[in-house]
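Each residue takes its place number in the sequence, starting with 1. Keep in mind that what you see is a predicted model, and the values were worked out from it rather than measured.
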Amino acid sequence: MIRAAPQVAEMAPYALADLAAPKGKRLTSLSQNESVRKPSPYVSDAIASAAMHPQLYPDPNWTELREVIAEVHDLDPNLIVCGNGSLDLIAALAHAYLNVAGAAMVPAHAYPFFRTATQMTAARIDAVAETDLYVDVDAMLAAARADTRIVFLANPGNPTGTRLPRSEVLRLRAGLRDDVILVLDEAYGEFADHLKEPMFDLVELGNTLVLRTFSKAYGLAGLRIGWGYVPPKILAEMRKVMNPNNVALPGQLAAIAAMKDQDYMRETCAITTRIRDLFATRLKELRLDVPVSHTNFVLMRFATLAQCSAVDAALNSEGIFLRPQGGAGLPDCLRATVGQEQDMDMAARVIELAISKECSA
Ligand SMILES: *Cc1c(COP(=O)(O)O)cnc(C)c1O
């Protein structure tokens with residue numbers, strides 16, 4: 001009999017977004033944290049130029065992309081590693097540092113792929129309770145075990161959208177053993193950059209790394225490019241387990257063009273956060289629990305599970321898809337990616353109507 005490795009056979013399939021609009025309705029997907037805006041106009045020329053030599057392998061060392069990232073963020077290009085999305089880098093970290101004898105630790109409402117990556121290696125995953133949708137540093141420190149190898153922390157978090165200040169991240173780092181790797185996944189870091197609390201300097205510690213992506217603020221989710229700022233020893237181990245030609249040529253060239261156009265990306269963040277904050281205000285007027293978001297999405301918590309599923313069903317019947325959060329341990333929550341203003345307006349109206357119907361039912 002053909003059998004998967006036991007740790008794989010035990011895994012549930014990754015829960016992908018379920019997006020099927022009812023007949024006659026336009027699909028409005030607010031479910032995958034894609035950018036509300038197309039990428040920089042320079043990106044389409046970059047992609048077109050990739051069509052000139054498709055017979056050649058891409059640069060396996062992402063040389064120009066690393067140089068551009070290093071220049072923009074004032075970093076050492078030798079410590080930058082690029083991935084086929086940052087998911088590629090999360091998986092590489094798990095493969096390089098976890099096995100059945102170790103464990104990864106995550107906050108309770110962490111990004112689900114941390115669990116997937118950990119399970120692939122047969123390592124245990126320890127999920128630590130959060131406090132009011134914020135990562136609880138004291139609880140994390142109390143939960144660390146002798147076999148903890150990696151702590152995965154998305155900051156800002158997904159799906160919560162909340163963020164730990166630098167001082168709290170430092171306190172977490174200081175309280176963990178030195179041989180525990182702290183992964184700071186800043187997939188939404190660009191939306192919090194105005195707070196001027198960069199984390200890249202923690203890489204000097206040798207046990208802490210920062211991941212970023214081109215999928216969110218740069219609007220390149222379809223091209224699959226992420227990057228990490230990683231201590232040299234960890235970088236060397238990751239590369240052993242990575243696909244040596246992981247980022248296709250269009251992705252590399254598009255990311256270079258997008259990174260060079262910082263003004264455009266900043267404008268995308270400003271547009272996104274303006275729409276986000278208007279939407280969040282409307283939800284709060286409906287007396288929903290809405291944590292402060294530092295991302296391109298808004299989490300909303302309903303009074304009851306029944307209210308949450310009634311609202312989700314009402315949205316779906318209009319072709320609007322938010323992301324239910326049962327998989328992140330928040331079955332009474334929906335997460336709305338920030339979309340066009342008129343789509344957010346429509347979503348808010350459907351939510352309001354569904355709540356009033358549910359209350360009177
Ligand atoms: C979207 C997201 C990612 C990854 O995305 P890629 O498209 O693979 O770069 C990683 N971490 C978090 C927390 C995310 O929300």
Side-chain angles (χ1 to χ4, degrees), residues 13-39 109 111-112 133 157-162 187-188 191 215-217 219 221-222 268-361:
Y14 197 78
L16 297 167
D18 171 22
L19 305 171
K23 267 215 174 73
K25 297 277 181 192
R26 181 175 68 97
L27 171 68
T28 303
S29 169
L30 304 173
S31 67
Q32 303 206 92
N33 297 349
E34 292 151 333
S35 178
V36 63
R37 208 173 173 221
K38 288 196 175 180
H109 311 308
Y111 187 55
L133 304 171
N158 174 13
T160 60
T162 61
Y188 304 93
F191 295 96
S215 296
K216 310 286 162 55
T268 301
C269 290
I271 290 169
T272 305
T273 53
R274 189 185 65 81
I275 300 173
R276 177 194 71 199
D277 293 345
L278 288 171
F279 181 68
T281 301
R282 283 183 73 175
L283 297 179
K284 281 186 265 183
E285 284 164 6
L286 302 175
R287 318 242 323 262
L288 297 180
D289 184 8
V290 181
V292 177
S293 171
H294 292 279
T295 64
N296 70 343
F297 60 82
V298 177
L299 187 77
M300 63 199 87
R301 186 172 228 167
F302 294 90
T304 61
L305 279 177
Q307 190 180 60
C308 182
S309 37
V311 168
D312 194 34
L315 287 162
N316 294 352
S317 70
E318 293 298 327
I320 305 170
F321 290 83
L322 275 49
R323 193 66 168 264
Q325 292 299 328
L330 296 168
D332 53 353
C333 293
L334 295 175
R335 187 194 69 194
T337 303
V338 173
Q340 303 297 337
E341 215 162 346
Q342 61 273 24
D343 292 341
M344 303 318 283
D345 180 56
M346 188 167 65
R349 279 197 254 172
V350 174
I351 293 168
E352 179 168 20
L353 191 65
I355 290 177
S356 65
K357 275 193 193 153
E358 207 257 342
C359 287
S360 60

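Side-chain contact between F191 and K216 is present, with at least one heavy-atom pair separated by less than 4.5 Å. Within the 4.5 Å cutoff, no side-chain heavy atoms of M344 are placed close to those of V298. For the pair F302/L334, a side-chain contact is recorded, criterion being any heavy-atom separation below 4.5 Å from C-beta on. In this structure, the side chains of L299 and S293 stay at 4.5 Å or more apart for every pair of heavy atoms. Taking 4.5 Å as the limit, some side-chain heavy atom of M300 sits within range of a side-chain heavy atom of F279.
Atoms CG and CD1, on L353 and I355 in that order, are 10.0 Å from each other to the nearest 0.5 Å. In this structure, the separation between SG on C308 and CG on L288 is 9.5 Å, given to the nearest 0.5 Å. Remark: E285 CD to T281 OG1 distance equals 6.5 Å, nearest 0.5 Å. Note that CG of L305 and SG of C333 are 9.5 Å apart. Values are rounded to the nearest 0.5 Å. Taken to the nearest 0.5 Å, the CZ atom of R301 stands 5.0 Å off from the CG atom of L133.
At least one donor-acceptor pair under 3.5 Å links the side chain of R335 to the backbone N or O of S31. Between the side chain of T272 and the backbone N or O of N296 there is no donor-acceptor pair closer than 3.5 Å. Put simply, the side chain of R276 gets close to the backbone of T295: a donor and an acceptor are under 3.5 Å apart. Looking at Q325, its side chain never comes within 3.5 Å of a backbone N or O of D332 through a donor-acceptor pair.
Heavy atoms only, all atoms of each residue included: N158 and Y188 are closest at ND2-OH, 3.3 Å. Closest non-hydrogen pair, A217 versus T268, comes out as O-CG2, 3.7 Å. Of all heavy-atom pairs between D345 and R349, the closest is OD2-NH2, 2.6 Å.
Tested against E341, the residues R37, R282, R274 include a single salt bridge (Lys or Arg N to Asp or Glu O under 4.0 Å) partner, R274.
Remark: E352 engages no residue in a salt bridge (charged side-chain N to carboxylate O under 4.0 Å, His left out) (not counting sequence neighbours). Here T337 pairs with N33 under the side chain to side chain donor-acceptor pair (under 3.5 Å) rule; sequence neighbours left out.
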For residues 310-320, dump all side-chain donor-acceptor pairs below 3.5 Å to protein atoms at least two apart in sequence or in another chain.
from : atom 1 : to   : atom 2 : distance (Å)
S317 : OG     : A314 : O      : 2.8
E318 : OE1    : K25  : NZ     : 3.2

